[in-house]
Amino acid sequence: MQQKVRVLRWLDENTAEVVRIRESACSGDCHKCAGCGAARETIVFQAENPIHAKEGELVIISSESASVLKAAAILYLVPVVLFIGFFLLGETAWKQGTLMGGVGFVLGIAGAVLYDRLVLRKQKTVYTITGYPDTQGAYTKGEEELD
C-alpha cells in the first residue's frame with residue numbers, strides 16, 4: 001500500500017515523522033450535497049527514511065498490505081460465512097435458519113473484534129519512505145492540505 005505524505009521532521013538518521021490528511025469516503029464536498037460535514041483527520045506517524053528525505057518534502061511511503069488484507073478478510077468474510085453456515089444448519093436441523101444465521105453473524109463479528117484486540121494491536125505496521133511523487137501529476141484527495 002502506498003500513500004503520499006509530508007515529512008514533518010527527522011527523528012534520527014533513518015527515521016522521520018510524517019503527516020497524512022485522512023478524509024471520509026464522501027470526499028468532504030458537503031456544499032455539493034448538503035451532507036454531513038465530514039471531518040478531516042490529521043494523522044502523524046513515524047516512517048523509516050532510507051532515502052533521507054528532508055523536512056517539508058512530499059514523499060511516497062509504502063507498507064505491507066498483508067496484515068490489512070488479513071484483517072479485512074476476517075472482518076468481512078468470517079461473519080458472512082458463519083451466517084450462511086449457521087443458517088443452513090438451523091434450517092435443516094430445527095427449521096430456525098434465520099435465527100441461527102443471526103447467531104452465526106454475531107459470533108463472526110465478535111470473533112473479528114477479538115482478533116482486532118488480540119492480534120492487530122500487537123503488530124506494528126512499518127512504513128518506509130520509498131521515493132518522491134511524480135511532479136507532473138495532479139493532486140490527489142487530501143494532498144493539497146499537505147502543502
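Computed from a prediction, not measured in an experiment: that's the story for all the values here. For the single chain, residues carry numbers from 1 onward in sequence order.
Using a 4.5 Å cut-off on side-chain heavy atoms (C-beta onward), Arg20 and Glu41 make no contact. When side chains are defined from C-beta on, His52 counts as touching Asn14, because their heavy atoms get closer than 4.5 Å. Using a 4.5 Å heavy-atom cutoff, the side chains of Tyr127 and Val5 are not in contact. For the pair Thr130/Ile51, no side-chain contact is recorded, criterion being any heavy-atom separation below 4.5 Å from C-beta on. Within the 4.5 Å cutoff, the side chain of Gln3 has no heavy atoms near those of the Ile60 side chain.
Linking Ile, Leu, Val, Met, Phe, Trp and Tyr residues whenever their side-chain heavy atoms come within less than 4.5 Å leaves Val106 and Leu88 in two separate clusters. Follow the hydrophobic side-chain contacts under 4.5 Å out from Val81 and you never reach Tyr76; the two are in separate clusters. Taken together through direct or relayed side-chain contacts under 4.5 Å among Ile, Leu, Val, Met, Phe, Trp and Tyr, Phe87 and Val80 form part of one hydrophobic cluster. Cluster membership check: Ile84 shares its hydrophobic cluster with Ile109, using side-chain heavy-atom separations under 4.5 Å among Ile, Leu, Val, Met, Phe, Trp and Tyr.
Between Asp12 and Thr15, the closest heavy-atom pair is OD1-N, 2.9 Å. Contact record, Leu82 with Leu107: CD1-C, 4.1 Å, taken as the closest heavy-atom pair. Contact between Gly90 and Met100 at its shortest, heavy atoms only, is CA-CG, 3.6 Å. Among all heavy-atom pairs drawn from Arg9 and Glu55, the shortest one is CA-CG, 3.4 Å. Between Pro79 and Gly108, the closest heavy-atom pair is CG-C, 3.7 Å. The two residues Ala47 and Ile61 come nearest to each other via the heavy atoms CB-CG2, 4.4 Å.
Test Lys4, Gln2, Glu57 against Pro133 for side-chain contact (heavy atoms from CB on, under 4.5 Å) and you get one pass: Lys4.
For Trp94 (side chain) and Leu89 (main-chain N/O), no donor-acceptor pair under 3.5 Å exists by modelled atom type.
Annotation: the span from Leu11 atom CG to Glu48 atom CD amounts to 12.0 Å, rounded to 0.5 Å.
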Item to check | Val18/Val7 under side chain to side chain contact (heavy atoms under 4.5 Å, CB included): CA gap, chis, key distance, verdict | outcome: CA-CA 4 Å; Val18 297; Val7 176; 4.2 Å; yes

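Surrounding CZ of Phe45 are more than 12 heavy atoms belonging to other residues, nucleotides or ligands, all under 6.0 Å away.
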